[in-house]
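All remarks here apply to the structure that follows.
Order of the sequence lines fixes the chain letters, A, B, ..., with proteins taken first and strands second; residue numbering starts at 1 for each chain.
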2 protein chains.
Amino acid sequence: MTEDATHPTTAGPPIGIGDLARHSGCKPETVRYYERIGLLPDAARSEGGQRRYYQRTVRRLTFIRHARDFGFSIEAVRELLKMADHPEMPCDEVDAFAKHHLAEVESRLQRLAALRDELKRMVTQCAGGRVESCRIIEVLSDHRLCHQRGEHGGAMR
Amino acid sequence: MTEDATHPTTAGPPIGIGDLARHSGCKPETVRYYERIGLLPDAARSEGGQRRYYQRTVRRLTFIRHARDFGFSIEAVRELLKMADHPEMPCDEVDAFAKHHLAEVESRLQRLAALRDELKRMVTQCAGGRVESCRIIEVLSDHRLCHQRGEHGGAMR
DNA sequence: GCTTGAACCTCTAGTTGCTACAGGGATTAG
DNA sequence: CTAATCCCTGTAGCAACTAGAGGTTCAAGC
């Protein structure tokens, strides 16, 4: 992906790293980090050497932040970006990627839903009681959770 | 929390760090790490200096792993354990904890559910197509996600 | 009772994904 | 033109583990 000042829509003047970060919900340090590890291309520079960005990069960074927020690892994001950068490729890889992550996402969802239910129950029923009657602690101690709903998951690779 | 060889049920002989780890779905290194940072008490030792554990610790470690898996930070887990260790305490703190985390958990749930739907759609519809028609990449690029479903979340404090 | 191999010990260093300085230069509003 | 703000590079720190080096202990089989 390269910078393109002649983009038809919303081209405007290039923006600085701070604005880019603000638009995508992260910090300038994070942007520089992504550039360093190659998720973002080397930015164009002003006369004085400061980074200048166009809309393409806002979109790319937004993509990265969403994918990270969904729990994809940096390496998984790198894969996704490679696919997004080559839209003429057949879909097989994205498809395989989806299959690989679907089960993991579903198991996380179920476990999170169980936690939400417990938190909800507590907020509505717990006021004034004592810790011994709080089921959240019981729920977290219950080993059957593992077998009922799949193993502990780490980051998505 | 101290080790108690005289626990009535399932007392049996003490177990080593490897068995403890296996029972709780983590590695010996992680157990030693938790001991070092004070989530687990200093373990009893064999004559030769190896760690020996009783059922209490299996339960405590299971609790910790579940809480971590649900996305609670180590410091959040420390809070929860403090509450679990003092069941005579009034419930207020656990209640406050629940309130504080409920919104975060719900927003994560919604975003994860959106991702699951996309992954599912892809797995069923995408075979044989090309990347340009894969909506997962579109969805991840769409900034409206942020405003519709809450901001990007980090670890739960 | 002895051997042997797996499991364990401590200590240190590496990993991932950022985040926070320090010590300086660039840009821009007034 | 100057002050405030932004940005630069480089390094170091953080959370939450994970992996190794180099040595010790345990327990099962003979």
Side-chain angles (χ1 to χ4, degrees), chain A residues 12-40 42-53 57 60-81 151-157, chain B residues 12-40 42-53 57 61 63-81 151-157:
Chain A
I15 59 174
I17 196 171
D19 283 339
L20 171 63
R22 250 183 306 285
H23 280 309
S24 336
C26 64
K27 305 186 178 178
E29 287 91 339
T30 311
V31 177
R32 286 191 280 261
Y33 171 70
Y34 287 160
E35 182 183 306
R36 211 163 59 238
I37 66 173
L39 285 195
L40 293 176
D42 287 4
R45 300 288 181 133
S46 72
E47 299 243 315
Q50 299 194 353
R51 290 171 181 82
R52 291 292 175 260
Y53 298 97
T57 309
R60 191 179 180 89
L61 184 52
T62 302
F63 179 97
I64 296 169
R65 292 309 301 171
H66 280 145
R68 291 287 303 123
D69 191 36
F70 277 146
F72 293 108
S73 70
I74 291 282
E75 286 318 305
V77 175
R78 207 187 288 279
E79 290 289 295
L80 279 169
L81 283 170
E151 272 313 316
H152 307 289
M156 288 188 283
R157 303 285 164 213
Chain B
I15 59 174
I17 196 171
D19 284 337
L20 172 64
R22 249 182 307 285
H23 280 309
S24 336
C26 64
K27 304 184 180 180
E29 288 90 338
T30 311
V31 177
R32 287 190 280 260
Y33 171 69
Y34 287 160
E35 181 184 306
R36 211 163 58 238
I37 66 172
L39 285 196
L40 292 176
D42 287 2
R45 300 289 181 130
S46 71
E47 300 244 314
Q50 299 195 353
R51 290 173 181 80
R52 290 293 175 258
Y53 298 98
T57 310
L61 183 53
F63 178 97
I64 296 170
R65 292 310 301 170
H66 280 144
R68 292 286 302 123
D69 191 36
F70 278 145
F72 292 109
S73 70
I74 292 280
E75 285 319 305
V77 175
R78 206 187 289 280
E79 290 289 295
L80 279 169
L81 283 170
E151 273 311 316
H152 307 288
M156 290 187 282
R157 304 285 164 217

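Rounded to the nearest 0.5 Å, atoms OG1 (Thr30(A)) and CZ (Arg36(A)) are 10.0 Å apart. Once rounded to the nearest 0.5 Å, the distance linking CG of Leu39(A) with CG of Leu80(A) reads 11.0 Å. Atom-to-atom distance recorded for Tyr53(B):OH and Ile15(B):CD1 is 9.0 Å, nearest 0.5 angstrom. The line from CZ of Arg65(A) to OG of Ser24(A) is 9.0 Å long, rounded to the nearest 0.5 Å.
Residue Leu61(B) contributes atom CG, which lies 11 Å from atom P of dC17(D) at whole-angstrom precision. With rounding to whole Å, Ile15(B) atom CD1 is found 16 Å from dC26(D) atom P. Atom CD in Glu75(B) sits roughly 8 Å away from atom P in dA15(D) (whole-Å rounding). To the nearest angstrom, P of dC17(D) lies 6 Å from OH of Tyr33(B). Rounded to an integer number of Å, the gap from Arg45(B) CZ to dT25(D) C1' is 12 Å. Taking atom CG of Leu20(A) as the reference point, atom P of dC6(D) lies 15 Å away to the nearest angstrom. Between Asp42(B) atom CG and dT10(C) atom P there is a gap of 10 Å when expressed in whole angstrom units. Note: CD (Glu35(B)) to C1' (dC17(D)) measures 16 Å, nearest angstrom.
When distances are taken from the side chain of Arg51(B) to each of dC17(D), dT10(C), dT9(D), the shortest belongs to dT10(C). Taking only side-chain atoms of Ile17(B), from C-beta outward, the nucleotide of dC9(C), dT9(D), dT18(D) with the closest atom is dC9(C).
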Restricting both atoms to N or O, compile the protein contacts to nucleotides 11-13 of chain D shorter than 3.5 Å, with distance only.
none

Which atom pairs link the protein and nucleotides 19-23 of chain D when you take only N or O atoms and keep those under 3.5 Å?
residue : atom : partner  : partner atom : Å
dA19(D) : OP2  : Lys27(B) : NZ           : 3.3

Pairs under 3.5 angstrom, nitrogen or oxygen only, protein versus nucleotides 24-27 of chain C, please.
residue : atom : partner  : partner atom : Å
dG25(C) : N2   : Gln50(A) : NE2          : 3.4
dA26(C) : O4'  : Gln50(A) : NE2          : 3.3
dT27(C) : OP1  : Ser46(A) : OG           : 3.0
dT27(C) : OP1  : Gly48(A) : N            : 3.3

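For the residue pair Arg68(A) and Val77(A), the shortest heavy atom distance occurs at CD-CG2, 4.0 Å. When every heavy atom of Arg52(B) is checked against every heavy atom of Ala43(B), the shortest pair comes out as O-CB, 4.3 Å.
Two residues are said to be in side-chain contact when any heavy atoms from C-beta on lie closer than 4.5 Å; Val31(B) and Arg51(B) fail this criterion. Using a 4.5 Å heavy-atom cutoff, the side chains of Gln50(A) and Ile17(A) are not in contact. In this structure the side chain of Ile37(B) reaches within 4.5 angstrom of the side chain of Arg78(B), judged on heavy atoms. Leu40(A) places a side-chain heavy atom less than 4.5 Å from the side chain of Ile64(A).
Ion pair Arg32(B)/Glu35(B) not flagged as a salt bridge, since none of the NZ, NE, NH1 or NH2 atoms sits closer than 4.0 Å to an Asp/Glu carboxylate oxygen.
Residue Arg22(A) places none of its side-chain N or O atoms closer than 4.0 Å to OP1 or OP2 of dC6(D). Phosphate proximity of dT16(C) to Ser73(A): absent, as no side-chain N or O sits under 4.0 Å from OP1 or OP2. Contact between the side-chain N/O atoms of Arg65(B) and the OP1/OP2 oxygens of dC17(D) is found at a separation under 4.0 Å. Taking 4.0 angstrom as the limit, Arg68(B) places a side-chain polar atom (N or O) nearer than this to OP1 or OP2 of dC17(D). Here Tyr34(B) reaches the OP1 or OP2 of dC17(D): one of its side-chain N or O atoms lies under 4.0 Å away.
Side-chain N/O atoms of Tyr34(A) and Arg60(A) include no donor and acceptor closer than 3.5 Å.
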